[in-house]
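The analysis underlying the following values was restricted to heavy atoms, covering all of them including side chains, and did not include hydrogens, waters or symmetry mates. The chain is numbered in sequence order, starting from 1.
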Amino acid sequence: MGMFLNSIIPYETYKAVVYDSYFVDKTSILDELMPLLGKMQRYICITRPRRFGKTVMANMIGAFFGKIDREDEVFQCLKIAVSNQYGKHLHRHNVIYIDFSRIPEDCVSYAAYIARIRNGLKKDLVETYDDLNLDISNSVWDILNEIFVKKDRTKFIFVLDEWDAIFHMPFVTDEDKQAYLLFLKTLLKDQEYAEFVYMTGVLPIAKYSDGSELNMFVEFQMTTMEQFSEYFGFTDDEVDELYQKYLEVQKNPKVTREGLREWYDGYYTAGGKKLYNPRSVVLALTYNQLSNYWTSSGTYDSIFGYIKDNVDEIQDDLALMFAGEAIPADIQEYAAVSQQLCTKDEIYSAMLVYGLLTYKDGCVSIPNKELMDSYAAMMKKERTLGYVYRLASESTRMLNAYDKQTKEHACKVEVLKL
């Protein structure tokens, strides 16, 4: 076992999730992934907004396939245990698990960042296959190819979490980004030792790679692809089950089932199915309180600069969204982290992929009360937002009678009990 190769970390991390009081079993996704091993379609990239369980799923996949030196105590009681493929694949594969959001201590350069990954991989491989006398000065892909040839076609599953994290790091230049894409391409593309590659992140590959670097991946975005949708976020049925557990263990329950729906539901998949924010549901039940568990980030804060400056009169649309209206939008997720967002559609694309809006039938909207509360808190901080700020800070709701043909509005404002 090493830092990246057959690491015990994904297994131990996922085991902690399984033992949580409000665990939801999503292991059925493995039944959909196992047939892809060794096939041409073995490159999968799933993008989802923040806090929708991407890392939990990556840990689960690494934990299931990866070789461990102990008897399994996690998967034998989960849904995947009844699969006819279970015994064939459980802990039978070499897994290289990389969390790209982790950086070396005091890291201020791309060179130091990628060296940690490159050198760590080589060290793991050389130590694991010490009988081959591998040359650690060779490239990672040359070492992997040598293992493949000399060890009876030994292959590896790659699980790459937060693959796009590097693009948000302040020390990374445009040249560094191109070097990173080339690193991934050379490591993964058309390599026979790559048995399966599962990659996840916030933003789609098309944003970063407009050429052939990573075109081997099939991308599953929340707004465009239906497959795998139910594995990221909680369904109504899953929240029903969690709520029953909550009533059984909580002596003084203060959270209502309708409250969970009002606060955390409303994110739409490509198939039109609504999902709950999983992190917020679990925290609300754990701490026995409906509240805003949405946490800010640098990108999240920067989005409000566009609202503050009223780019493309976005404040008008936002006021309607506070009233419960859905606003037509042409969503292009790849535009979400452009250096400059110039149009409403580009801004809404960014807000969507960061989980600040939801999208259905060509329109965007604010999905639930938690996000309403998050907008209100940010607007209260940015006191120059005019009537949109007043709408939020006074905890009011504008109720609209909106004629989509005439574009005329009739409205009233009422005080909400938040």
Specify whether [X] and [Y] have parallel, tilted or perpendicular ring planes, treating 30° as the upper limit for parallel and 60° as the lower limit for perpendicular.
X	Y	value
Phe167	Trp163	perpendicular
Phe196	Phe65	tilted
Tyr86	Phe64	tilted

Is there a side-chain contact between Leu5 and Leu125 in this structure, where contact means two heavy atoms from C-beta onward sitting under 4.5 Å apart?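 SC-SC contact between Leu5 and Leu125 confirmed.
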Please list all pairs passing the side-chain hydrogen bond (donor to acceptor under 3.5 Å, both in side chains) test where one or both residues lie in residues 148-157, with sequence neighbours left out.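 Residue pairs with at least one partner in residues 148-157: Asp131-Lys151, Glu146-Lys150.
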Would you say [Y] and [X] are linked by a side-chain donor-acceptor pair, where the criterion is simply a distance under 3.5 Å?
X	Y	answer
Glu370	Ser280	yes
Asn215	Lys189	yes
Asp176	Tyr113	no

Test side chain to side chain contact (heavy atoms under 4.5 Å, CB included) on Met222 and Tyr267 and set out the steps. CA-CA 10 Å; Met222 189 170 182; Tyr267 296 91; 3.9 Å; yes
Is it the case that the ring center of Tyr11 lies less than 6.0 angstrom away from the ring center of Tyr97? no
Does OH belonging to Tyr287 count more than 12 external heavy atoms closer than 6.0 Å? no
Calculate, to the nearest 0.5 Å, the distance between atoms OH and CG belonging to Tyr43 and Asp190 respectively.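 CG of Asp190 is found 6.0 Å from OH of Tyr43.
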On a heavy-atom basis, the closest approach of Thr358 and Tyr268 is OG1-N, 2.8 Å
